[in-house]
Amino acid sequence: MLDRRCEDMAQALDGVQDGACIAISGFGESGRPNMLIKALLDRGTRDITLISNNAGEGHMGLASLLLAGRVRRLICSFPRGAMQGEIERLVRAGVLELEVTPQGTLAERLRAGGAGIPAFFTPTGFGTLIAQGKETREFDGRGYVMERALTADFALVKAHRADRWGNLTYLNLARNFCPLVAAAGRRTIVEADEIVPLGAIPPEQVITPGIYTDVLMQSQPVPDAAWPTPEKAA
Amino acid sequence: MLDRRCEDMAQALDGVQDGACIAISGFGESGRPNMLIKALLDRGTRDITLISNNAGEGHMGLASLLLAGRVRRLICSFPRGAMQGEIERLVRAGVLELEVTPQGTLAERLRAGGAGIPAFFTPTGFGTLIAQGKETREFDGRGYVMERALTADFALVKAHRADRWGNLTYLNLARNFCPLVAAAGRRTIVEADEIVPLGAIPPEQVITPGIYTDVLMQSQPVPDAAWPTPEKAA
Amino acid sequence: MSRLGRSAIAARLARDIPEGWHVNLGIGIPELVADHIGAREVVFHSENGILGMGPAAAEGEEDWTLINAGKKPITALKGASFFNHAESFAIVRGGHLDLCVLGAYQVAANGDIANWSRDADDILPAIGGAMDLAAGAQRIWVLMSHTEKSGAPRILERCAYPLTGAGVVSRIYTDLAVIEIGPQGPLVTDMVATESPESLQEKTGAQLRFAPKVATLEDIADR
Amino acid sequence: MSRLGRSAIAARLARDIPEGWHVNLGIGIPELVADHIGAREVVFHSENGILGMGPAAAEGEEDWTLINAGKKPITALKGASFFNHAESFAIVRGGHLDLCVLGAYQVAANGDIANWSRDADDILPAIGGAMDLAAGAQRIWVLMSHTEKSGAPRILERCAYPLTGAGVVSRIYTDLAVIEIGPQGPLVTDMVATESPESLQEKTGAQLRFAPKVATLEDIADR
């Protein structure tokens, strides 16, 4: 039987080591796998290269990894938010390195990584600071920047419904980066609101085919109090 | 009111001129817009550059355009089928020029065209005849071929359900090239089995967002007898 | 009528959006444009994965899986569609949006726009989706105040701040004027009654040309 | 037992596919592999947009929107998913398939495969999805007869026919042997009882090595 379900978090995160490159789904808090993020925080993994559109907000969820100094390098499009003073402090202290990429380019780089495309050309950022140090090229009279694909050792994804083959659906706009991150991860770990019987998701409605899911866990909410307070985190 | 519906075929095909580049959806006969193909045939348009995965089968549907000598250039992955003797005759006679590209590369080139990516690198075909005359390049020790995007002046697409904004769904594997062709066409003309009220397609289940649809028509089956017989066609 | 308020600029811009367009409104002031579309069916895109975005969610009815690019809770209209971020930016970059309305710090006479940072050495460069929108939409219209609070011009021969996109802006709507950016540079088509060509030029850091008939820019805000 | 029949080769190959793999079976003979998977849950991919492809549709129950890459009517299993061609080949090219089984005209000692044309100047080159599959899947196993009908070898130092993919084949299943392609070239792991290393080498156009214990290749077809 092909069964991606897993009930043991240590087993789910098996192999996640210091220095790992980890892509995390979500836009704002929508589509964010907070249970898995909390487990990653508890695991104590350090020197993470984190791929995520945002840096998180406040001290909970995604931000907790940054505030605890676990992230060595952040690849994102928007590193600002409620705790941007802290992020700025980490960058100035040399604890955190930032690679900021336009949001559409970030999405396309992840899509390319999952799709076996090592590099592509995009008009985004041509003639701006983003193009500095990158190969540029003209096609049919217009300038483009060459961008490289992104893949990750691990992908952490939040889904709405899932079956044991790992087929996934997402609620509303919680879809955002989820299918891209799922495909770009060499090992993709999913937490789903609801695990349904095989066949319960009609084939036309599957958003992420099961082939991308390596581990599937039942999502559990993380109580606010479970996250380190800003003082503890710092 | 935003309403893509159209009942007049002449209006739907307005602007389709000799020499146009036309992309047509479908894999085999699945997802093939036969009503629109028949109208294009009746219109008498010549010197078409046709983008389609297959060349068609027999003398009906897609193949009728080729057999009638309307296609100057065919960009496809698989030009063989029941009428391949005829296709071969057209190629030998210099009537038809072929550009054969791997199927996944064809799909990705159309996807790139719709997505504003002018070129990308793919491992497909590296070290084969397909790479001849194309730029190749190594990334991380592996060889890749640079492929250019495909766009079309017109896209003809077969959908299952559609609403007046042009949102589309497809039945089963009739999806195939449809969303790619729809996005790669500067003017996208759709025939749908069923036109439903706005809101009848849940937002999560829309496969092609309406932004890609320019004209929407109610699909009507084309009787076999309506197609030119092979003798007439030749 | 002297300077227009933000809502009035948004209303003036909204008047130029025809029914049936697919439009992305940048985060912040451009979002006000949606309030002035009236009965026209315009399909709004938000880059986090929706076409057919409706008004803000009513208080108490927020669904945090349904937010806009500014992370505020929204609603979805009948006819809406959802898609992932790569598909969303394929729409943007592929030139499928008829229009994107952006705010800006500065716009140059050649259509360059600077709207993401006032500092090229910004330690937290926050680009988001602005560069993709600037590069991708068929038209970029900028909605901004004509000058800095200090009076310093924001329409310049060259942007001093780091660019979001090069040569992409086709129209600027300010509190003082509506300006087309064409191959020959900025052309004023509308201007508030209290400005003269000379006074407007004084507030502008790029050489202006004026249309044969400059329309009077008035507050047409419908609310 | 001399040469294996096609079904027997397919059965032998099928034995090596573990439960849970995602597998694409090339058009033609490789499709026979599906008949020999037994109770194992293996997820079959067809490049026209399905994972979880089931058996051929029963006569009279064909649905022409549900066909495989060979354009034959199929069924979809519980757990199947549908996607467009770009997404389907993203699965292929992105290395997500555990295995692709291809037929071939020729395979070379370095893993080159030629399976789409016997003529580099083919006037109707019909590539289809083979080059993408060859370049993309984690493993390429070839299922073919060991020699041409004429007796000419098909496993060669270099392919004479135009390549489908360069250096991609990791295993060959023929009617006479199972051969691993490693960094040191072809290694015979299984062989029919009627062949000796010398006789097999005679039928092969590339230098063979033999595993310390070569297993006997037998007909294990379960139907």
- request: Using a cut-off of under 4.5 Å on heavy-atom pairs, state which of Gly116(B), Ala119(B), Gly104(B) scores highest against chain A.
  value: Ala119(B)
- line: Closest heavy-atom pair, Glu204(B) versus Ile207(A), reported as atoms and distance to 0.1 Å, is O-CD1, 4.4 Å
- prompt: So do the side chains of Met146(B) and Phe121(A) get within less than 4.5 Å of each other, counting heavy atoms only?
  reply: yes
field: Which of Thr124(B), Thr169(B), Leu171(B), Asn172(B) touches chain A most, by non-hydrogen pairs under 4.5 Å
entry: Asn172(B)
query: Given a strict heavy-atom distance threshold of 4.5 Å, which part of Tyr144(A) is in contact with chain B: side chain, backbone, both, or neither?
result: side chain
message: So which atom in Phe120(A) and which in Ile117(B) form the shortest heavy-atom distance, rounded to 0.1 Å?
response: CD1-CD1, 3.7 Å
- request: Pick whichever of Arg137(B), Gln205(B), Arg111(B), Arg142(B) has the most heavy-atom pairs under 4.5 Å with chain A.
  value: Arg111(B)
